[in-house]
K.L.:
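Pasting a structure below so you can have a look.
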Amino acid sequence: MEGLALDLFAQLALTTVELLPQRVEFLQTAALGGLDNLHVRQADICQLRDPESSYDVVTLLEVLEHIPDAAEAVRRAVRAARRYVVVTVPSRPDDNPEHIHLLTREKLTALFADAGCSRLRFDGVNGHLILMAAKENNA
């Protein structure tokens, strides 16, 4: 199957929150280039103040291992999600100096339990752990 999620689901509105200015600029350029349903915001997830249940699904894809306060990032993501939070993280140590956490299944379970998610589904692929966490009202 070819195409971006935005191509496949043209009616899907996507909001991306990005901390780094150069990534925000790149994503804004993509949005201006025809991805009308992509909304880009520069923000720190640990300071995200979106209303509770603002988004059906919140994704944290290959970012949680970079965030100093991973617990706060998880709390904010769970709060912002109406239904699910989807996470991918490296599943084994690597030599990337920007990876400040190795978030194992046990650590992610504790983080998400503390944030109010009890229904967790884990999977993995090629050195990465995948987690789909359901909010309590979806358990």
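Predicted model only: the values in this text are computed from it and were never measured.
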K.L.:
I'd like to know if the side chain of R79 reaches the main chain of D50, judged simply by a donor and an acceptor atom lying under 3.5 Å from each other, with no hydrogens or angles considered.
P.N.:
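Yes.
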K.L.:
Tracing side-chain links under 4.5 Å among I, L, V, M, F, W and Y, which residues wind up in one group with I130?
P.N.:
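ILVMFWY cluster around I130 also holds V125.
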K.L.:
Who are the side-chain contact (heavy atoms from CB on, under 4.5 Å) partners of V86, not counting sequence neighbours?
P.N.:
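Partners of V86 under the side-chain contact (heavy atoms from CB on, under 4.5 Å) test: V57, T59, L61, M132.
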K.L.:
Under 3.5 Å, side chain of T88 to main-chain N/O of E62, donor-acceptor pair present?
P.N.:
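Between the backbone of E62 and the side chain of T88 there is a qualifying donor-acceptor contact (under 3.5 Å).
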K.L.:
In the hydrophobic clustering that connects Ile, Leu, Val, Met, Phe, Trp and Tyr at side-chain heavy-atom distances below 4.5 Å, which members other than V74 occupy its cluster, ordered by chain and number?
P.N.:
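When side chains under 4.5 Å apart are linked, the cluster holding V74 also contains V17, I45, L48, Y55, V58, L60, V63, L64, I67, V78, V85, V87, V89, L103, L108, L111, F112, L120, F122, L129, L131.
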K.L.:
From R76 CZ over to Q47 CD, what is the distance, rounded to the nearest 0.5 angstrom?
P.N.:
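That separation rounds to 7.5 Å.
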K.L.:
Rounded to the nearest 0.5 Å, how far apart are CZ of R105 and CG of D123?
P.N.:
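It comes to 9.5 Å.
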K.L.:
Would you give the length of the straight line joining atom OG of S54 to atom CZ of R49, rounded to the nearest 0.5 angstrom?
P.N.:
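So the OG of S54 and the CZ of R49 are separated by 13.5 Å.
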K.L.:
Looking only at heavy atoms, what is the nearest atom pair of S53 and R82, with distance?
P.N.:
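Taking S53 first and R82 second, the nearest heavy atoms are O-NH2, 3.0 Å.
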K.L.:
Output the distance between atom CD (Q28) and atom CZ (R23), rounded to the nearest 0.5 Å.
P.N.:
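If I round to the nearest 0.5 Å, the distance is 12.0 Å.
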K.L.:
Under the 3.5 angstrom rule, does the side chain of Q42 hit a backbone N or O of L19 as a donor-acceptor pair?
P.N.:
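Looks like yes, one N/O pair under 3.5 Å.
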K.L.:
Should H99 and H66 be marked as a side chain to side chain contact (heavy atoms under 4.5 Å, CB included) after you check the CA-CA gap, both sets of side-chain angles, and the distance that decides it?
P.N.:
CA-CA 5 Å; H99 290 175; H66 298 268; 3.3 Å; yes
